[in-house]
Amino acid sequence: MTAPAASGAGVLTDGERLSLALRMGDSALVLGHRLSELSGHAPVLEEELATANVALDLVGQADLWLRLAATLLDDGRDADALAYLRDGPQFRNLLLVEQPNGDYGHTLMRQFLFDCWHFYFLAELESGADAACAEIAAKGAKEVRYHLERSSDWVIRLGDGTDESRVRMLTAVERLWPYTAEMFDLSAMFPAAAERVSQNWRASVAAVFAEATLDVPEAGWAQRGGLDGRHTEHLGRMLAEMQFLQRAYPGAQW
């Protein structure tokens with residue numbers, strides 16, 4: 001999939017750049033960890049490897065964003081400290097990515113909805129005027145193109161598959177759709193770019209859903225709060241597992 005020509009995002013202030021870095025880094029980190037929870041539990045070997053690779057890509061991207069955030073904070077914390085030594089209300093990730101994996105159809109629907117937004121937003125950042133963000137976006141763009149191709153293919157295969165797989169995908173759409181509007185709040189600091197991301201996302205989702213024989217839900221109630229530190233109970237449980245080793249053995253190295 002090729003992103004349409006993007007006019008690019010503008011230059012940010014240090015405060016805006018920090019906010020974006022934390023929100024992008026935390027979202028990539030949380031989703032990467034969610035996918036890592038599937039290690040040993042994917043339905044087939046090929047998907048076991050693919051899921052692990054996507055998780056690693058996202059954690060690598062999170063590291064770049066959180067390094068930028070640490071530089072801007074300049075308070076002695078590095079990317080690892082931001083990942084492992086903050087409490088839930090200090091995280092700024094999208095609510096969508098902290099939702100539990102559920103069945104594999106649910107996991108792939110969550111991935112597709114995020115990938116589609118991620119792909120177009122990185123394209124705007126990559127072609128934008130903010131050099132620090134453009135550099136990180138460029139490094140992640142090729143990986144995310146693959147992520148989107150893979151998750152799109154699976155949504156189509158499962159949506160237009162068996163009766164059972166179709167029901168599971170319909171259920172996943174119903175449960176996850178209210179969390180999608182928050183993605184466009186994240187890109188709202190670039191109004192023109194945000195509008196292009198929204199239009200491209202909606203067009204791409206509609207095209208994939210049409211092939212998957214799934215209906216695009218009508219606009220309705222939207223769940224927000226993650227970008228401001230208001231999370232579901234799922235994040236706290238996830239962080240308790242993800243951060244346990246660092247908190248139990250502070251500063252441990254190997």
Side-chain angles (χ1 to χ4, degrees), residues 12-41 49 51-101 110-111 114-115 118 121-122 125-126 130-144 147 182-183 186 225-254:
L12 299 173
T13 66
D14 281 349
E16 291 171 334
R17 194 175 295 116
L18 173 61
S19 177
L20 179 65
L22 287 172
R23 290 172 170 186
M24 294 294 286
D26 288 349
S27 294
L29 177 66
V30 170
L31 184 54
H33 185 81
R34 276 289 182 231
L35 293 176
S36 76
E37 293 173 346
L38 291 170
S39 295
H41 299 286
L49 297 174
T51 301
N53 283 332
V54 173
L56 287 171
D57 289 344
L58 289 169
V59 171
Q61 292 173 35
D63 180 60
L64 295 174
W65 286 113
L66 293 180
R67 285 188 188 189
L68 174 59
T71 299
L72 293 166
L73 285 167
D74 194 23
D75 59 3
R77 288 182 293 177
D78 59 10
D80 287 341
L82 292 177
Y84 296 115
L85 298 177
R86 282 183 296 157
D87 295 327
Q90 296 173 304
F91 272 72
R92 295 294 183 263
N93 59 277
L94 296 162
L95 293 178
L96 174 67
V97 300
E98 69 190 50
Q99 301 310 302
N101 291 320
R110 181 191 62 196
Q111 191 68 38
F114 176 81
D115 288 343
H118 201 195
F121 189 45
L122 287 184
L125 292 178
E126 184 179 2
D130 195 278
C133 295
E135 182 179 359
I136 295 174
K139 291 178 179 178
K142 291 181 180 179
E143 295 172 341
V144 174
H147 299 174
E182 190 180 31
M183 296 186 293
L186 197 160
L227 299 180
D228 298 314
R230 301 189 306 276
H231 297 280
T232 67
E233 69 275 14
H234 305 301
L235 181 67
R237 295 170 185 168
M238 193 207 85
L239 291 180
E241 176 183 305
M242 188 184 85
Q243 298 180 336
F244 170 77
L245 188 64
Q246 181 62 262
R247 289 178 180 266
Y249 303 96
Q253 296 181 357
W254 56 84

Smallest separation among heavy atoms of Val97 and Arg34, with atom names: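 Closest pair (atom of Val97, atom of Arg34, distance): O-CG, 3.4 Å.
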Exercise: identify the closest heavy-atom pair between Ala69 and Leu22: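 Closest approach of Ala69 to Leu22, heavy atoms only: CB-CD2, 3.7 Å.
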Test log, rule side-chain contact (heavy atoms from CB on, under 4.5 Å), inputs Glu182 and Leu96: CA-CA 8 Å; Glu182 190 180 31; Leu96 174 67; over 6 Å; no
Phe121: ring pair (Phe, Tyr, Trp, His ring centres under 6.0 Å) partners, not counting sequence neighbours: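 Counting only residues at least two positions away or on another chain, Phe121 forms a ring pair (Phe, Tyr, Trp, His ring centres under 6.0 Å) with Trp117.
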Below 4.0 angstrom, N of the basic side chain to O of the carboxylate: do [X] and [Y] qualify?
X: Arg110; Y: Asp115; value: no
X: Glu241; Y: Arg237; value: no
X: Lys142; Y: Asp57; value: no

Using only atom types and a distance under 3.5 Å, with no angle test, would you say the side chain of [X] pairs donor to acceptor with the backbone of [Y]?
X: Ser36; Y: His33; value: yes
X: Ser19; Y: Gly15; value: no
X: Asp26; Y: Phe91; value: no

Heavy atoms of other groups near Arg67 CZ, more than 12 under 6.0 Å: no
Pick one: which of [options] meets side chain to side chain contact (heavy atoms under 4.5 Å, CB included) with [X]?
X: His118; options: Glu143, Gln61, Gln111; result: Gln61
X: Val30; options: Leu95, Leu35, Leu235; result: Leu235
X: Met24; options: Ile136, Leu64, Leu66, Leu122; result: Leu122

Test log, rule salt bridge (Lys or Arg N to Asp or Glu O under 4.0 Å), inputs Arg92 and Asp228: CA-CA 6 Å; Arg92 295 294 183 263; Asp228 298 314; 5.7 Å; no
Output side-chain donor-acceptor pairs under 3.5 Å for residues 78-85, partner residues at least two apart or in another chain, one line each.
unit_1, atom_1, unit_2, atom_2, d
Asp78, OD1, Asp80, N, 3.2
Asp78, OD1, Ala81, N, 2.9

